[in-house]
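Quick notes on the structure that follows.
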2 protein chains.
Amino acid sequence: MVDTPAPHTSPDRPEPEDRAPGRRRRDAAATRQAILDAAVTAFTRYGYDGVGVRDIAQRAGVTAMLINRYFGSKEGLFAEAADAAFAPRSVITGTGAELAGETARTLAARTAPEAEELGPFLLMLRSAANPAAAKIMREAIGRHPGRHLTEELPGAGAGARAELILAVQAGVWLMRSILGTTALAEEDPAELARRIESLFQVLVTPETDAPPAGGRGVE
Amino acid sequence: MVDTPAPHTSPDRPEPEDRAPGRRRRDAAATRQAILDAAVTAFTRYGYDGVGVRDIAQRAGVTAMLINRYFGSKEGLFAEAADAAFAPRSVITGTGAELAGETARTLAARTAPEAEELGPFLLMLRSAANPAAAKIMREAIGRHPGRHLTEELPGAGAGARAELILAVQAGVWLMRSILGTTALAEEDPAELARRIESLFQVLVTPETDAPPAGGRGVE
DNA sequence: ACTCGATGTCTACAGTTGTAGACCTAGTTC
DNA sequence: GAACTAGGTCTACAACTGTAGACATCGAGT
């Protein structure tokens with residue numbers, strides 16, 4: 001908090017984009033985005049209840065109160081952060097016949113012990129304890145990967161199968177990245193990817209060989 | 001906190017087991033157990049960081065400090081609670097050829113929207129954000145359902161396949177009970193159970209090593 | 001009857017939390 | 001160059017956290 005004999009009085013700055021590193025120009029949109037980025041990272045690493053708004057604000061180079069100014073509340077910030085985390089189509093890779101294999105390999109790679117990557121499933125798992133956060137994430141999932149995946153899957157019951165694919169992914173992230181259970185950590189990556197692909201394959205398939213005359217309409 | 005014109009001076013009580021309801025006799029073991037029970041319930045409902053020791057103590061009818069007396073710290077209490085939650089063989093039901101089907105049906109039933117049951121996976125998911133809790137749970141899982149399931153599975157890579165079964169279970173609990181995603185909530189329970197059984201079937205099978213072409217072993 | 005250890009409670013502390021309201025300041029416009 | 005507003009900060013508060021240490025009390029052994 002030792003304040004500012006800093007490059008504060010630089011008189012003319014024709015490029016507002018690159019200031020002194022970390023010191024942002026007064027730009028509401030950029031500041032908002034910086035807060036949002038910091039929030040996604042922090043929520044992913046520590047979960048909704050695991051970070052305070054002060055932490056996030058500091059990472060964004062602002063004060064805690066600015067978060068409430070821009071996002072209304074911590075919960076409002078989390079809602080936008082969750083949406084931003086799930087919006088990119090990164091958890092479902094590949095389409096059509098390649099979806100199961102591609103997604104499985106991506107999952108295995110991203111949850112490998114050495115690759116400490118962030119991702120929406122970590123945000124989800126580490127924030128699941130909070131009911132308000134859970135509701136927000138349910139909606140974000142429904143809006144983004146749930147819908148995307150449902151459209152991608154053929155046949156009846158696509159919604160439930162899509163959510164099961166997400167469930168498998170969440171479970172693998174949990175066991176492998178968060179808990180770090182031993183057997184999954186030591187498993188051969190290629191074999192693990194094949195195994196997960198088999199699971200996805202089951203869920204991509206429209207209908208299991210159920211008891212006959214299952215009355216559920218297959219389109 | 002209006003205190004006690006309570007039945008406090010009842011002079012002779014030949015049955016120490018049934019006192020006034022809620023008021024326990026001075027019995028270290030019983031009190032310890034009451035705290036542990038309350039802890040399992042509270043941690044399952046709200047997660048490690050979601051409950052305070054005061055809450056747990058109150059549910060057990062004691063003071064917060066007694067928890068530290070008996071369990072050393074909140075973390076120590078959680079370690080015993082997690083162990084107690086995972087020790088009973090409730091998440092893997094059935095053996096041998098019936099394991100996949102039984103476990104799948106149990107899972108589908110326990111995560112149904114109407115059945116608001118508690119269970120170790122809820123404790124796990126809602127406490128996953130805390131690294132100390134995560135480590136404790138990894139060990140508890142390795143000690144109980146992980147080991148149990150690994151012994152139950154035939155063939156090579158049993159450990160990894162066991163942990164994948166647990167991953168699938170955790171994912172289903174997450175999506176269905178904690179998030180409450182819509183498609184899984186509305187899915188026909190029997191169909192859901194069949195679908196999950198197919199997943200478990202893949203993981204019970206010792207070796208897939210088949211390229212994705214149609215090779216799921218449904219009996 | 002009376003002590004004495006086991007069992008349990010009280011008070012307190014040093015932090016941290018989310019956020020409300022008052023305040024300051026930079027950058028632009030007249 | 002002075003005023004005005006958008007952009008940001010400061011101070012404060014009330015509630016809550018885990019736990020340390022001193023204190024109280026029950027109930028049994030003598």
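Keep in mind that this is a model prediction, so the values were computed, not measured. Because only heavy atoms are used, hydrogens play no part in the values below, and waters and symmetry mates are left out as well, while side chains stay in.
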In whole angstroms, how far is the P atom of D:dC16 from the CG atom of B:D55?
10 Å
Given atom CE of B:M65 and atom C1' of D:dT17, what is their separation to the nearest angstrom?
14 Å
Would you mind reading off the distance between B:N68 atom CG and D:dT17 atom P, rounded to a whole angstrom?
14 Å
Determine whether the side chains of A:T93 and A:T106 contain a donor N or O and an acceptor N or O closer than 3.5 Å.
yes
Closer than 4.0 Å, any side-chain N/O of A:T31 to the OP1 or OP2 of D:dG8?
yes
Taking for B:G72 and for A:L66 the nucleotide of DNA chain D with the nearest heavy atom, the one nearer the 5' end belongs to A:L66
A:R161 and B:R195 have their tightest heavy-atom pair at CD-NH2, 3.1 Å
Compare every heavy atom of A:I56 with every heavy atom of A:I35, then report the nearest pair and how far apart it is.
O-CG2, 4.1 Å
Please report, rounded to the nearest Å, how far the P atom of C:dA12 is from the CZ atom of B:R54.
13 Å
Separation of D:dA28 P from B:R26 CZ (nearest whole Å):
11 Å
Would you kindly give the OH-to-C1' distance between B:Y48 and D:dT17, to the nearest whole Å?
11 Å
May I ask you to decide if the ring planes of B:F78 and B:F43 are parallel, tilted or perpendicular, using 30° and 60° as cut-offs?
perpendicular
Rounded to the nearest angstrom, tell me the gap between atom CG in A:D27 and atom C1' in D:dG8.
13 Å
Go nucleotide by nucleotide along DNA chain C from the 5' end; which of B:T63 and A:V53 gets its closest nucleotide reached first?
B:T63
Donor-acceptor pair, distance only, cut-off 3.5 Å: does the side chain of B:K74 make one with the backbone of B:Y48?
yes
Tell me the interatomic distance from A:Q58, atom CD, to D:dT9, atom P, rounded to whole angstroms.
12 Å
Base, sugar-phosphate, or nothing for B:F71, non-hydrogen atoms under 4.0 angstrom?
nothing
I'd like to know if B:R69 reaches the base of C:dT9 with its side chain such that a donor and an acceptor end up less than 3.5 angstrom apart.
no
Does A:Y70 have a side-chain nitrogen or oxygen under 4.0 Å from the phosphate oxygens OP1 or OP2 of D:dG8?
yes
